[in-house]
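Keep in mind it's a predicted model, so treat the numbers as computed, not measured. Numbers here are sequence positions counted from 1.
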Amino acid sequence: DLQLAESGGGSVQAGGSLRLSCAASGSTYGATYCMAYWRQAPGKEREGVAAIDREGNIRYGNFVKGRFTLSKDNAKNTVYLQMDSLKPEDTGTYYCAANERRAIALVVPPSRQAIDYWGQGTQVTVSS
């Protein structure tokens with residue numbers, strides 16, 4: 001099975017930046033995965049932040065508005081989420097997700113789509 005190891009969370013002031021990483025291990029040689037980041041704030045539903053499909057097409061949640069950049073190193077099976085101009089409302093636990101074949105739809109709640117693998121989550125705290 002695939003394992004997703006997340007890193008890069010932390011605490012920053014509003015306007016600051018963080019870079020999250022999600023490294024996939026245990027994959028089939030040569031396999032390419034659809035990967036995504038989701039986030040969840042206390043008392044709120046999990047929402048889609050950014051996703052990349054197997055062809056390299058990238059989508060972002062509407063709230064991102066050009067502040068975040070998702071990239072992927074296929075050789076390392078690692079995705080990176082560069083987050084700039086962070087706001088207090090970006091605070092939450094950020095989760096990496098991966099599918100072996102199906103693209104991950106950011107507008108469909110995780111409870112309503114099949115997502116094969118999840119990371120353990122990393123905390124992002126943005127203070128005002």
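Among pairs with a residue in residues 41-53, those fulfilling salt bridge (charged side-chain N to carboxylate O under 4.0 Å, His left out) read R39-E47, at least two apart in sequence or across chains. Sorted by first and then second residue, the salt bridge (charged side-chain N to carboxylate O under 4.0 Å, His left out) pairs involving residues 67-87 (not counting sequence neighbours) are R67-D90. Identified under the disulfide bond (SG atoms under 2.5 Å apart) test for residues 98-128, with sequence neighbours left out: none. Note on residues 71-128: pairs passing disulfide bond (SG atoms under 2.5 Å apart), not counting sequence neighbours, are C22-C96.
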Please tabulate, one pair per line, all N/O donor-acceptor pairs under 3.5 Å involving side-chain atoms of residues 58-65, not counting sequence neighbours.
from : atom 1 : to  : atom 2 : distance (Å)
Y60  : OH     : L70 : N      : 2.9

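Shown here for V79 and M35, the closest heavy-atom pair between the two residues is CG1-SD, 3.7 Å. Closest of all the heavy-atom pairs between Q120 and A5 is OE1-CA, 4.2 Å.
A cation-pi geometry, defined here as NZ or CZ lying under 6.0 Å from the six-membered ring centre and within 45° of its normal, holds between R19 and Y80.
Under the 4.5 Å side-chain criterion, counting only non-hydrogen atoms from C-beta, Y94 is not in contact with Q123.
Judged as a salt bridge (Lys or Arg N to Asp or Glu O under 4.0 Å), and not counting sequence neighbours, the contacts of D116 are R102. Taking the side chain to side chain contact (heavy atoms under 4.5 Å, CB included) definition, one finds that A14 meets it with P88, V126, sequence neighbours left out. In terms of the salt bridge (Lys or Arg N to Asp or Glu O under 4.0 Å) criterion, E6 has no residue partners (sequence neighbours excluded). Considering only residues two or more places apart in sequence or on other chains, A23 meets the side chain to side chain contact (heavy atoms under 4.5 Å, CB included) condition with T78. Shown here are the side chain to side chain contact (heavy atoms under 4.5 Å, CB included) partners of Q3, two or more places apart in sequence or in another chain: D1, S25.
Of the candidates T122, V124, L81, L18 forms a side chain to side chain contact (heavy atoms under 4.5 Å, CB included) with just one, namely V124.
Cluster membership for L106 and L20, using ILVMFWY side-chain heavy atoms within less than 4.5 angstrom, is not shared.
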Evaluation steps, side-chain hydrogen bond (donor to acceptor under 3.5 Å, both in side chains), between Y117 and E100: CA-CA 9 Å; Y117 306 101; E100 292 187 3; 2.7 Å; yes
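For the atom pair S17 OG and L86 CG, the distance stands at 6.0 Å (nearest 0.5 Å). Here Q40 contributes atom CD and T91 contributes atom OG1; the two are 14.0 Å apart, rounded to the nearest 0.5 Å.
With a 4.5 Å cut-off between side-chain heavy atoms of Ile, Leu, Val, Met, Phe, Trp and Tyr, the cluster of V108 takes in V107. Hydrophobic cluster membership of I104, counting Ile, Leu, Val, Met, Phe, Trp and Tyr whose side-chain heavy atoms lie under 4.5 Å apart directly or via other members: W38, Y95, I115, W118.
Residue E89 places its CD atom among more than 12 non-hydrogen atoms of other residues, nucleotides or ligands, all under 6.0 Å distant.
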